[in-house]
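Convention: sequence-line order gives letters A, B, ...; per-chain numbering from 1.
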There are 2 protein chains.
Amino acid sequence: MTQQKTTKAKAPSAQPVAVDLTAVLVAVADGRPLVMTIEDGWALPSGPFAVEHRSLQAGLRGWVERQTGHPLGYVEQLYTFADSDRRQGVEGAQAISISYLGLLQAQPSIVPLTGWRPWYDYFPWEDHRGGAPQLIAKTIAPELRRWAKSGETGARWNRAAIAFGLEGRGWNEELVLQRYELLYEAQLIAEAQQASRKGAAELGRPMIGDHRRILATGIARVRAKIKYNPVVFELMAPVFTMLQLQRCVEAIAGLDVHKPNFRRLIEQQQLVEETGESVTDTGGRPARAFRFRAAVREERAAAGTKLPLARS
Amino acid sequence: MTQQKTTKAKAPSAQPVAVDLTAVLVAVADGRPLVMTIEDGWALPSGPFAVEHRSLQAGLRGWVERQTGHPLGYVEQLYTFADSDRRQGVEGAQAISISYLGLLQAQPSIVPLTGWRPWYDYFPWEDHRGGAPQLIAKTIAPELRRWAKSGETGARWNRAAIAFGLEGRGWNEELVLQRYELLYEAQLIAEAQQASRKGAAELGRPMIGDHRRILATGIARVRAKIKYNPVVFELMAPVFTMLQLQRCVEAIAGLDVHKPNFRRLIEQQQLVEETGESVTDTGGRPARAFRFRAAVREERAAAGTKLPLARS
DNA sequence: CCTATATATTCTCGTTGTGAGTATAAAGCC
DNA sequence: GGCTTTATACTCACAACGAGAATATATAGG
């Protein structure tokens, strides 16, 4: 013990640090995945962690409700990072951000400059419903190849090919963050400094600081989690049809799903039960209405759920 | 923008917070999973995040090398939490811990009171190699049942049964944290206040503050990660036999694995290549020596690896 | 040398999971 | 009624996987 204390005494001592809480709030409406933004789409809801907050989550909930007027439901922690770029030069004041993911049902926002935005506005290359977006073949791949050539080994191109599913490799929808960081590194993205270069404008709407990176982390997490944990239901209205559920999953994953197989998997796992009613919506045979089986939540929270989004 | 700033002005303002970095360092030796401890097994390596640290990871590496003398290899972030219990009463000084997981090859420690300890000393109920430990049926299950009865609904017992695989449910080796928190809630664990109650002594070695909770988080993470990411190799010597690799996986997972199937999966995925040599170890037919295929690391880091530890 | 024993490695088999396509049902619309 | 549209059910082939049996190659001991 004494040994340890002496060792510690020589070392850097405790110094206060500014801590920010940042929220990635996700909802889905009309088959479009949405993220809550403030400042007219330029930032995620966030604010400093303060003494009167009883916990990190409590602080986050406070900020979100204050800034957006929306109460939070399901919340989980995402990642913590030191803002290396953002607050540089603020004179010895280290700053870290603790980010959280929240899943909600979309409700129109009242606060001005605050509201839901389609997340594919920020990541246009991430939506592969109906096939890979042209943007990848037309802009991203050539630009990345140029960038790769300016490096020494073939490592850069290899990374790019894996991340974007180039050269016959399959698309892995979970690599959202890797793709963003690759584009950042290649300076193809507005947030990277010299980004007045060609192409930056096409590559998605920018955000302040590292908020777009945080959003990428959030998208990656939802996409991963949705496969083994019944969190999709946090995004759904209490009653829904199979197709609505499927569209929601497809929106999140950015991938198309085989309809009969989707149904089979959901029913096999007994995630839902029929309400007995049916919905006459868009023409065609009426769909049965389902609700989530509440009993499943606690069991599956641990045990896991499967959705047909496996690697190819 | 202006809108937001006014809103923020009314709200809690930025206040400095003490930030701690804590490391869960894992190694495996002789089929025993180990964790690096300081203070004679009572604490994990940790120290405050300070201004001179260029990044969170850099700060962590500094602390670990200072306290243990071991250089760090693979590191990933675990979780960030506010120390609700630990520093209570330090007069308005909020404190948060950012925890990291590191994987190493075990090397004897020189620093006194510092060294590797079997992690099952801290979590004796987690080792299911050779069947579920008696401890669960003899002590944990009855105590939890008593605790459950003192609650109103059946929810408590249901949670306990899921977490510990009671009543014919299968054991899920990833629920390390849920199990620890359940035992904590039921006050069966030394760290919980009134824990001079019967049974606490059997339920693993305690640690200071919430270090055992952090360790539980780390174990859960390695157990999950090992299944889809080739991180096992961080724990292995450069050359190894199939059985050594299998024992390592079994040690981490706390489960037995079917030998032929383990081999099949590893070879199918081309994770390893033969060195050409063979090892004459413990009697019996000599085993071929393998090494990890380096090319796999970057590919699989993204794509994923499989180990035969699927749910039953 | 031969046998027992121990571990390594390969094979086989039955079950389940899953991708993909096809067939049938029930509504509205003309 | 026939056509279109969506919902729901069924089929089939193949890959993945758990479990056990069979075979190979070493050491130890009589």
*Rounded off to whole Å, could you give me the CZ-to-C1' distance for the A:Phe262 and C:dG17 pair?*
17 Å

_Walk along nucleotides 24-30 of chain D from 5' to 3' and tag each nucleotide B, S or - by protein heavy-atom contact under 4.0 Å, base first, then sugar-phosphate._
BBB----

_Phosphate contact (C:dA8 OP1 or OP2) by B:Lys259 side-chain N/O below 4.0 Å_ = yes

*Less than 3.5 Å between a donor and an acceptor, one on the side chain of A:Arg264 and one on the base of C:dG17, is that the case here?*
no

*Supply the atom-to-atom distance A:Arg223 CZ to A:Glu126 CD, rounded to the nearest 0.5 angstrom.*
5.0 Å

*Would you kindly give the CG-to-C1' distance between B:Leu245 and C:dT7, to the nearest whole Å?*
17 Å

*To the nearest Å, give me how far apart CG (A:Asn261) and P (C:dT22) are.*
14 Å

*May I ask you to decide if A:Arg32's main-chain N or O and A:Tyr120's side chain share a donor-acceptor pair within less than 3.5 Å?*
no

*Rounded off to whole Å, could you give me the CD1-to-P distance for the A:Ile266 and C:dT18 pair?*
12 Å

*For the side chain of A:Pro260, counting heavy atoms from C-beta on, which of C:dG21, D:dC17, C:dT18 is nearest?*
C:dG21

*Kindly compute the distance separating CG (B:Asp127) from CD (B:Glu173), expressed to the nearest 0.5 Å.*
12.0 Å

*Distance, rounded to the nearest Å, where A:Gln268 contributes CD and C:dG19 contributes C1'*: 13 Å

*asked:* Can you tell me how far apart CG (B:Asp121) and CH2 (B:Trp119) are? Round to the nearest 0.5 Å.
replied: 12.5 Å

*B:Glu234/B:Lys225 salt bridge by N-O under 4.0 Å criterion*: no

*Inter-residue atom distance B:Leu182.CG - B:Arg156.CZ, 0.5 Å rounding*: 9.5 Å

*Could you tell me which non-hydrogen atom of B:Pro142 sits nearest to which non-hydrogen atom of B:Ala137, and how far apart they are?*
CD-O, 3.3 Å

*Could you check which of D:dA9, C:dT9, D:dA7 has an atom nearest any side-chain atom of A:Glu267?*
D:dA9

*Could you state the atom-to-atom distance from CD of A:Glu277 to P of D:dA7 in whole Å?*
17 Å

*Could you tell me the separation between the CD atom of A:Gln246 and the P atom of D:dT8, rounded to a whole number of Å?*
11 Å

_Side chain of B:His258, heavy atoms from C-beta onward: which of D:dG20, C:dA8, D:dA7 has the nearest atom to it?_
D:dG20

_Length of the line joining A:Arg263:CZ and C:dA20:C1', which is rounded to integer Å_ = 17 Å

